Amino acid sequence: MIVNFVGNFQQGYVGEVADETHLAREIESLGHIVRRIPRDEWREHVLNGKLYPNIPKDLKADINIICKWHHFFDGQFIKGLRARSEAPVFYWVWDYMWDNGFPEWHAEMIKAADLYLGNDVRNPEYKRFENCYYFPFDVADTNLDTYINPKNEYEHDVTFLGSLLPHGDRKEWLQEIGEKIKIIVYSWNYQEWDNLRFDARPAVYGDKANKVIAHSKINLGFSVEPNCWG
């Protein structure tokens, strides 16, 4: 298959490798052709009609994937992709999109898409749409090393790799557990965990993250929101 993939192929917003990069590699490993189309170039192309270096003149494809970005402010960015490619468009979102309300731009993107793939479709807000499918984003890149710890030589008893965010209940649960058991936290905003008296350290990604987990007796995981279901 030929796949047009519109997204961020540089870095995530806190410096990690962008999720789209991992996904594109995995799709290619299955033998498909992936056209990586930077989201900012696609946005400007739709708005002004100009061609940009990473947008092919011929966009005909078997399928399109477009990832959420708040600068895609309505459905035209999906409709244009469908028209140029003559193929269905999957709108793929891995975040929990309720943030003191449901973003209207997100709703417009869902309506324009052939299928919405997301973690959060159990939220009652999605009942007004008929094209939503629960599709968790959890993904592991086969290029990452797998660390084996056959001798059970652990550096940490309990670790948590995650952000301190004002959603869900991870902060409350971790504080409760931390009263009894020391938790070492790795996070991009580790200073905020440090303010809560955790042993907090800068975030680790990829191979480094796998190594931390392999050398922890227990690694805790919390969804930001329970509506993510998994």
Side-chain angles (χ1 to χ4, degrees), residues 5 7-30 34 36 38-39 65 67-69 92-97 99 117-120 134-178 180-230:
F5 197 159
N8 172 27
F9 297 98
Q10 297 175 334
Q11 289 186 326
Y13 76 110
V14 295
E16 79 280 21
V17 173
D19 299 305
E20 291 93 324
T21 297
H22 294 291
L23 286 164
R25 286 180 191 152
E26 292 304 307
I27 295 170
E28 287 172 331
S29 74
L30 297 172
V34 178
R36 293 167 172 79
R39 60 190 184 185
I65 300 172
C67 296
K68 72 102 181 173
W69 188 33
W92 199 346
V93 176
W94 44 86
D95 292 327
Y96 182 70
M97 292 302 295
D99 186 11
L117 304 173
N119 257 341
D120 60 346
Y134 174 60
F135 198 84
F137 176 70
D138 309 307
V139 60
D141 190 324
T142 53
N143 286 340
L144 297 176
D145 288 334
T146 299
Y147 287 90
I148 307 299
N149 191 356
K151 296 182 180 179
N152 294 329
E153 296 174 346
Y154 295 104
E155 297 178 26
H156 312 306
D157 288 327
V158 183
T159 54
F160 173 71
L161 281 65
S163 310
L164 180 56
L165 298 173
H167 307 295
D169 51 17
R170 63 171 57 169
K171 182 179 76 171
E172 289 75 13
W173 272 103
L174 287 167
Q175 285 181 303
E176 186 78 16
I177 296 169
K180 305 285 194 303
I181 303 168
K182 180 181 178 181
I183 303 172
I184 297 176
V185 176
Y186 290 83
S187 172
W188 67 271
N189 58 350
Y190 70 95
Q191 297 93 337
E192 296 183 36
W193 287 112
D194 187 63
N195 292 337
L196 296 176
R197 300 179 182 176
F198 285 92
D199 182 345
R201 306 174 185 184
V204 287
Y205 302 109
D207 294 339
K208 292 179 180 178
N210 285 351
K211 191 172 184 179
V212 166
I213 293 169
H215 289 87
S216 303
K217 291 181 180 178
I218 296 173
N219 179 254
L220 298 172
F222 290 89
S223 293
V224 173
E225 281 288 347
N227 286 303
C228 291
W229 284 53

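As the structure is a computational prediction, the values presented were derived from the model and not from experiment.
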Glu172 CD: over 12 foreign heavy atoms closer than 6.0 Å =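 More than 12 heavy atoms, drawn from other residues, nucleotides or ligands, come within 6.0 Å of this atom.
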May I ask you to check whether over 12 heavy atoms, not counting those of Phe135, lie within 6.0 Å of atom CZ?
->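 Atom CZ in Phe135 is not crowded, with 12 or fewer foreign heavy atoms closer than 6.0 Å.
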In Å, rounded to the nearest 0.5 Å, how long is the span from [atom1] of [X] to [atom2] of [Y]?
X	Y	atom1	atom2	value
Asn152	Lys217	CG	NZ	9.0 Å
Trp193	Ile183	CH2	CD1	8.0 Å
Asp157	Asn219	CG	CG	12.5 Å
Ile213	Ile218	CD1	CD1	13.5 Å
Glu20	Ile27	CD	CD1	10.5 Å
Arg170	Phe160	CZ	CZ	4.0 Å

Hey, are the side chains of [X] and [Y] touching, using non-hydrogen atoms and a 4.5 Å cut-off?
X	Y	result
Arg201	Tyr186	yes
Trp94	Cys67	yes
Phe198	Gln175	yes

Could you report the tightest heavy-atom contact between [X] and [Y], atom names first, then the distance?
X	Y	answer
Phe9	Ala24	CE2-CB, 4.2 Å
Lys68	Arg39	O-NH1, 4.4 Å
Phe222	Leu174	CE1-CD2, 3.7 Å
His215	Glu153	CD2-O, 3.2 Å
Ala200	Tyr190	CB-O, 3.3 Å

Check for a donor-acceptor pair, side chain of Ser187 on one end and backbone N or O of Ala203 on the other, with a separation under 3.5 Å.
->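 A pair under 3.5 Å: no.
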Return yes if some donor-acceptor pair links the side-chain N/O of Asn8 with the main-chain N/O of Gln10 below 3.5 Å, else return no.
->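 Checked: pair present.
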Could you please spell out the steps behind the side-chain contact (heavy atoms from CB on, under 4.5 Å) verdict for Ile184 and Val212?
-> CA-CA 10 Å; Ile184 297 176; Val212 166; over 6 Å; no
Glu192 vs Lys171, salt bridge (charged side-chain N to carboxylate O under 4.0 Å, His left out): CA-CA, chis, key distance, verdict = CA-CA 11 Å; Glu192 296 183 36; Lys171 182 179 76 171; over 6 Å; no
Check ion pair Asp199-Lys182 (N to O, under 4.0 angstrom) |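 Lys182 and Asp199: salt-bridged.
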Residues Ile177, Leu220; criterion side-chain contact (heavy atoms from CB on, under 4.5 Å); working and verdict = CA-CA 10 Å; Ile177 296 169; Leu220 298 172; 4.1 Å; yes
